[in-house]
Amino acid sequence: MPGLDLFSSSAPSATTTIVEVPVAEVSVPRPEVEVKEPTTSNQVVAVPRGLAPPAPYYNPRLDPKNFLEGPLSWNPATRLRQMLARPGIVVAPGICDGISARCALEAGFDCLYQSGAATTASRLGQPDLAIATLNDFVQSAQMVCSLDPTVPVIADADTGFGGPAMVARTVTQYARSGVAACHIEDQVQTKRCGHLLGKQVVSREEFVTRIRAAVIARDAIPGGSDFVIIGRTDSAQVLGMEEALIRLRLAADAGADVCFIEGVRTSELLKSTVAALAPKPVLVNVISGGLTPSFTTKEAEEYGAKIIIFSLVSCVAAVHGIRAAMASLKKTGTDFSSAKGMDPKAFFEVMGLSDVVKLDAQAGGKAFEVV
């Protein structure tokens, strides 16, 4: 399968040896481990564990130095890699639907974040408790990415929605939808929002398997995809920061382009995380009232973060705004005050009315000469 060769190791290995790697001992340093050789006596011998794991992933085509110069690409994934390789922090507001995406683009943001929590709430009216499916996320991504195909969209991919084959399918469908990047986490399948309590995580080994499957799927896309893989761990609140850093180092070795620790509780922890994972870019997720302090974009950049996302900025604002409008309508019997002077045409202008009318006229249509 394309992409598998990028995990190959130059170290010699015996083809008759089967290595049993305990889940809790995936990280370095690697002590000796028992290995069963297929002999009639079932003799157990010890071999250096260092021979077992594949070499760290490296794809020369995706080396950051290849994205330092030249104009920004029209391809959103390539553009995101250029933004990551160059100075400045990438700011991606969380969007939940077409309206919020339009508003973010109107405000001038050059990257968007499709929040899993926000998408679940907007599409299904449900909490972020592993209720939304891959189809829900892909359908939303197709719509969002179509609004301005040059603007990178980073999308939440939860756990990858299953085993390695499903993780690979997720990456392939996201890439085909125009998504520039996705993050895959180490929570169990019955996951929850990263800023809720009671989280559970899978083993290091299973997390690395998810990341490797995502990378293999990306590298198998015909033509050479620049799709960005982000490894996310939720283990800091469950197993501690040391374990979280170990997991992200393993994810980076497996091919993750960006590292994401959910729920960094202090600026000092963010700084130390960035230092520990360098030169890999680090993503920080800011949710007002969540586990992470409300860092500003300037503060996050000063602490060394390369991407900052504001997952719930649009859907929380929508709840406040819609609640107020509904309360006003219920009390006064009119929507005049909540409309704030925005008539239908002004609303549709935010949704791209002029672009549609212009396209129709250029094609020789006459349906929208007057609107």
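Hydrogens, waters and symmetry mates are skipped; everything else that's a heavy atom, side chains included, is used.
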Side chains of [X] and [Y]: is there a donor and an acceptor less than 3.5 Å apart?
{"X": "Asp156", "Y": "Ser115", "answer": "no"}
{"X": "Tyr57", "Y": "Asp219", "answer": "yes"}
{"X": "Ser338", "Y": "Asp335", "answer": "no"}
{"X": "Thr133", "Y": "Asn135", "answer": "no"}
{"X": "Ser235", "Y": "Glu243", "answer": "no"}
{"X": "Ser354", "Y": "Glu349", "answer": "yes"}
{"X": "Asp186", "Y": "Thr233", "answer": "yes"}

[X] side-chain N/O to [Y] backbone N/O, donor-acceptor pair under 3.5 Å:
{"X": "Lys306", "Y": "Val284", "value": "no"}
{"X": "Lys280", "Y": "Ala256", "value": "yes"}
{"X": "Thr292", "Y": "Val264", "value": "yes"}
{"X": "Gln82", "Y": "Pro71", "value": "yes"}
{"X": "Gln187", "Y": "Arg192", "value": "yes"}
{"X": "Thr172", "Y": "Ala168", "value": "yes"}
{"X": "Thr332", "Y": "Thr334", "value": "yes"}
{"X": "Ser122", "Y": "Ala118", "value": "no"}
{"X": "Ser272", "Y": "Leu269", "value": "yes"}
{"X": "His183", "Y": "Ile230", "value": "no"}

Do [X] and [Y] have side-chain heavy atoms sitting under 4.5 Å apart?
{"X": "Asn285", "Y": "Phe260", "value": "yes"}
{"X": "Leu353", "Y": "Phe347", "value": "no"}
{"X": "Ile309", "Y": "Leu283", "value": "yes"}
{"X": "Val350", "Y": "Phe348", "value": "no"}
{"X": "Lys191", "Y": "Lys199", "value": "no"}
{"X": "Leu270", "Y": "Phe295", "value": "yes"}
{"X": "Ile184", "Y": "Thr159", "value": "no"}
{"X": "Arg81", "Y": "Pro64", "value": "no"}

Test salt bridge (charged side-chain N to carboxylate O under 4.0 Å, His left out) applied to Asp234 and Arg232, step by step: CA-CA 7 Å; Asp234 287 73; Arg232 162 179 158 173; 2.8 Å; yes

Which value, rounded to the nearest 0.5 Å, describes the distance between [X] atom [atom1] and [Y] atom [atom2]?
{"X": "Ser140", "Y": "Arg123", "atom1": "OG", "atom2": "CZ", "value": "5.5 Å"}
{"X": "Arg247", "Y": "Cys259", "atom1": "CZ", "atom2": "SG", "value": "13.5 Å"}
{"X": "Ser73", "Y": "Leu80", "atom1": "OG", "atom2": "CG", "value": "11.0 Å"}
{"X": "Glu299", "Y": "Ile89", "atom1": "CD", "atom2": "CD1", "value": "10.5 Å"}
{"X": "Thr209", "Y": "Arg204", "atom1": "OG1", "atom2": "CZ", "value": "13.5 Å"}
{"X": "Thr297", "Y": "Ile308", "atom1": "OG1", "atom2": "CD1", "value": "6.5 Å"}

Considering all heavy atoms of both residues, which atom of [X] and which atom of [Y] are nearest to each other, and what is their separation?
{"X": "Leu68", "Y": "Ala85", "answer": "CD2-O, 3.0 Å"}
{"X": "Cys111", "Y": "Ile154", "answer": "SG-CD1, 3.9 Å"}
{"X": "Leu112", "Y": "Ala92", "answer": "C-CB, 3.9 Å"}
{"X": "Val228", "Y": "Ala77", "answer": "CG2-O, 4.4 Å"}
{"X": "Pro93", "Y": "Ala104", "answer": "CG-CB, 4.1 Å"}
{"X": "Arg218", "Y": "Ile229", "answer": "NH1-CG1, 3.8 Å"}

Are Phe137 and Tyr174 close enough that their ring centers fall under 6.0 Å?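 So the answer is no for these two rings.
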
[atom1]/[X]: more than 12 non-hydrogen atoms of other groups inside 6.0 Å:
{"X": "Gln200", "atom1": "CD", "result": "no"}
{"X": "Arg86", "atom1": "CZ", "result": "yes"}
{"X": "Arg61", "atom1": "CZ", "result": "yes"}
{"X": "Glu242", "atom1": "CD", "result": "no"}
{"X": "Met143", "atom1": "CE", "result": "yes"}

Does [X] share a hydrophobic cluster with [Y], counting links as ILVMFWY side-chain heavy atoms below 4.5 Å and allowing steps through other members?
{"X": "Val215", "Y": "Val202", "answer": "yes"}
{"X": "Leu147", "Y": "Leu359", "answer": "no"}
{"X": "Val188", "Y": "Met166", "answer": "yes"}

Apply salt bridge (charged side-chain N to carboxylate O under 4.0 Å, His left out) to the pair Lys65 and Asp63, showing each step before the final yes or no. CA-CA 5 Å; Lys65 70 176 182 292; Asp63 193 303; 3.2 Å; yes

Looking at Arg210 and Glu206, is there a salt bridge between them, counting it only when a charged N and a carboxylate O are closer than 4.0 Å?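 Yes.
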
Check this for me, if you would: do Lys298 and Glu301 make a salt bridge, where the nitrogen-to-carboxylate-oxygen distance has to be below 4.0 angstrom?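 Between Glu301 and Lys298 there is no salt bridge, as every charged N stays at least 4.0 Å from the carboxylate O atoms.
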
Evaluate the criterion salt bridge (charged side-chain N to carboxylate O under 4.0 Å, His left out) for residue pair Arg102 and Asp97; output intermediate values, then yes/no. CA-CA 9 Å; Arg102 286 285 190 183; Asp97 57 13; over 6 Å; no

Between Phe67 and Thr78, does a side-chain contact (heavy atoms from CB on, under 4.5 Å) hold up when you go through it step by step? CA-CA 8 Å; Phe67 300 90; Thr78 306; 4.0 Å; yes

List the steps, then state whether side-chain contact (heavy atoms from CB on, under 4.5 Å) holds for Cys182 with Val171. CA-CA 8 Å; Cys182 76; Val171 168; 4.3 Å; yes

